[in-house]
Amino acid sequence: MFDVNKRRLIHWSIRGPAAAGGNDQASHPALRCMTTEIGTRVRHLLPVLARATNREIQP
């Protein structure tokens, strides 16, 4: 049975765009890269969460 009180911590190490340079022009490509990386990770995470939710509500 799925235990809703049991949690698992997942940490995503993603380099911040400020590390790319001191001005907006230098950090903008890094910001786009970071947002793309977060989007990719979330798209992979959603099916995992959906399976967990389905197990929770199935008898």
Side-chain angles (χ1 to χ4, degrees):
M1 178 173 215
F2 184 72
D3 184 0
V4 295
N5 295 318
K6 187 174 182 180
R7 296 181 182 153
R8 191 172 93 186
L9 178 65
I10 298 173
H11 176 78
W12 292 340
S13 295
I14 298 174
R15 187 174 180 179
N23 61 31
D24 289 343
Q25 190 173 16
S27 64
H28 184 72
L31 176 64
R32 293 192 74 159
C33 182
M34 181 190 72
T35 58
T36 300
E37 181 69 22
I38 291 171
T40 300
R41 292 177 188 214
V42 167
R43 279 191 300 280
H44 287 289
L45 178 62
L46 288 176
V48 173
L49 295 175
R51 283 192 302 271
T53 301
N54 288 338
R55 279 193 304 254
E56 181 181 324
I57 60 176
Q58 295 298 324

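Just so you know, these numbers use all the heavy atoms, side chains as well, and skip hydrogens, waters and symmetry mates.
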Can you name the closest pair of heavy atoms from Pro17 and Ser27 and give their distance? O-CB, 3.4 Å

Side chain to side chain donor-acceptor pair (under 3.5 Å) against Arg41, all qualifying residues, sequence neighbours excluded: Glu37

Approximate separation, where rounding is to 0.5 Å, of Leu45 CG and Thr40 OG1: 12.5 Å

